[in-house]
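Hydrogens, waters and symmetry mates play no part in the numbers below; they use all other heavy atoms, side chains included. Letters A, B, ... mirror the listed sequences (proteins, then strands); counts begin at 1.
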Amino acid sequence: DAKTTQPPSMDCAEGRAANLPCNHSTISGNEYVYWYRQIHSQGPQYIIHGLKNNETNEMASLIITEDRKSSTLILPHATLRDTAVYYCIVRVGDSNYQLIWGAGTKLIIKP
Amino acid sequence: ETGVTQTPRHLVMGMTNKKSLKCEQHLGHNAMYWYKQSAKKPLELMFVYSLEERVENNSVPSRFSPECPNSSHLFLHLHTLQPEDSALYLCASSQGTAETSYEQYFGPGTRLTVT
């Protein structure tokens, strides 16, 4: 079973910030949070990962709460090409490939 | 274009056929992965190769047989499949070892239909 909970779908207006929440209340101290997205008819694409500090890269920002029980992925200026399913994933073992994928959030960017 | 290619993109096969899926990465990566994505189910990890050695075989039925002849190529050999094996099969690679890499690069997948 997935260790994360995400809303099944969200809408966001083009040009606005898209904030995607994720609940991972059973996360352990050494387990990273990963975000990937999957655009229709493509393979998943890595976005960002973090442990306990907030992280930012050219694609997005990841905000992790102090208790690490939840996180938010922020796309600062959403475009129509950001329409995709976004997966919040927690590693479950000692190796970085031991990821449990859930159903994700279908994000629709509207013009 | 992620640098990971998969062929064929679509495959229809009967339950008695034998076929192979091919994955090639042009990134100089050291680890490669096979995933299965069924409709309405989460992505499932099938096999992991790190430095050409298999490090994970996630309780996958023996009708699926992986092969990693070198660090750039990965195959999934299929035989006597069942209709429930119809799915999108995704290949991925990562730069470091599978145990330590944070980022995986995925190919576009092979859409498999078993009739």
Side-chain angles (χ1 to χ4, degrees), chain A residues 1-9 22-24 30-53 55-60 62 64 71 73 81 84-106, chain B residues 1-7 9-10 21 23-25 27 29-51 53-59 74 87-111:
Chain A
D1 292 335
K3 294 187 69 173
T4 61
T5 304
Q6 299 176 255
S9 64
C22 179
N23 182 293
H24 32 79
N30 65 342
E31 291 178 339
Y32 282 78
V33 179
Y34 297 77
W35 284 83
Y36 279 76
R37 73 180 183 183
Q38 188 170 20
I39 296 169
H40 183 62
S41 299
Q42 297 182 23
Q45 176 190 22
Y46 167 85
I47 301 173
I48 200 166
H49 74 276
L51 183 60
K52 49 186 172 183
N53 297 322
E55 303 287 345
T56 295
N57 62 21
E58 64 278 3
M59 288 184 68
L62 174 60
I64 303 174
S71 60
L73 180 75
R81 290 186 299 177
V85 178
Y86 286 76
Y87 297 98
C88 171
I89 306 156
V90 170
R91 194 184 77 187
V92 293
D94 295 329
S95 297
N96 283 342
Y97 63 82
Q98 293 170 305
L99 308 176
I100 300 296
W101 296 66
T105 295
K106 172 69 173 178
Chain B
E1 179 58 51
T2 62
V4 180
T5 58
Q6 292 187 242
T7 54
R9 294 293 310 275
H10 300 272
L21 309 185
C23 175
E24 183 174 1
Q25 57 96 358
L27 302 167
H29 286 176
N30 291 313
M32 297 187 78
Y33 314 77
W34 278 117
Y35 288 86
K36 176 183 179 182
Q37 189 171 35
S38 304
K40 302 188 187 305
K41 290 181 69 175
L43 204 64
E44 301 171 65
L45 179 65
M46 299 176 73
F47 301 104
V48 179
Y49 279 82
S50 189
L51 300 172
E53 296 291 324
R54 192 191 307 181
V55 298
E56 183 72 40
N57 177 357
N58 231 5
S59 303
L74 186 65
L88 181 69
Y89 289 85
L90 290 156
C91 173
S93 70
S94 62
Q95 184 173 16
T97 64
E99 294 82 353
T100 60
S101 294
Y102 292 106
E103 180 176 354
Q104 294 181 29
Y105 293 73
F106 283 81
T110 294
R111 175 69 61 186

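By the 6.0 Å contact criterion, OH on B:Tyr49 is enclosed, its count of non-hydrogen atoms from other residues, nucleotides or ligands being greater than 12. Within 6.0 Å of CD on B:Gln95 lie no more than 12 heavy atoms contributed by other residues, nucleotides or ligands.
For B:Gln37, the part lying near chain A is the side chain, with the backbone staying farther off; criterion is any non-hydrogen pair under 4.5 Å. Looking at B:Tyr33, the atoms closer than 4.5 Å to chain A (heavy atoms on both sides) all sit in the side chain, from C-beta outward. Contacts between B:Arg9 and chain A at a heavy-atom distance below 4.5 Å involve the side chain alone, from C-beta outward. For chain A, no part of B:Val4 is nearby; none of its heavy atoms comes within less than 4.5 Å.
The residue among B:Gly109, B:Ser101, B:Ala92, B:Gly107 with the most heavy atom pairs within less than 4.5 Å of chain A is B:Ser101.
Listed by chain and number, the residues in a side chain to side chain donor-acceptor pair (under 3.5 Å) with A:Tyr46 are A:His49 (sequence neighbours excluded).
Across A:Ser95 and B:Glu99, no two heavy atoms sit closer than the pair OG-CG, 3.4 Å. Closest heavy-atom contact between A:Asn96 and B:Thr100: ND2-O, 2.9 Å. For the residue pair A:Trp101 and B:Pro42, the shortest heavy atom distance occurs at O-CB, 3.1 Å. Closest non-hydrogen pair, A:Pro44 versus B:Leu90, comes out as CD-CD1, 3.9 Å.
With rounding to the nearest 0.5 Å, the separation of CG in B:Leu43 from OH in A:Tyr36 is 10.0 Å. Separation of atoms OH (A:Tyr97) and OG (B:Ser50) is listed at 8.5 Å; rounding is to 0.5 Å.
Using modelled atom types and a 3.5 Å distance limit, the side chains of A:Tyr32 and B:Tyr102 yield a donor-acceptor pair.
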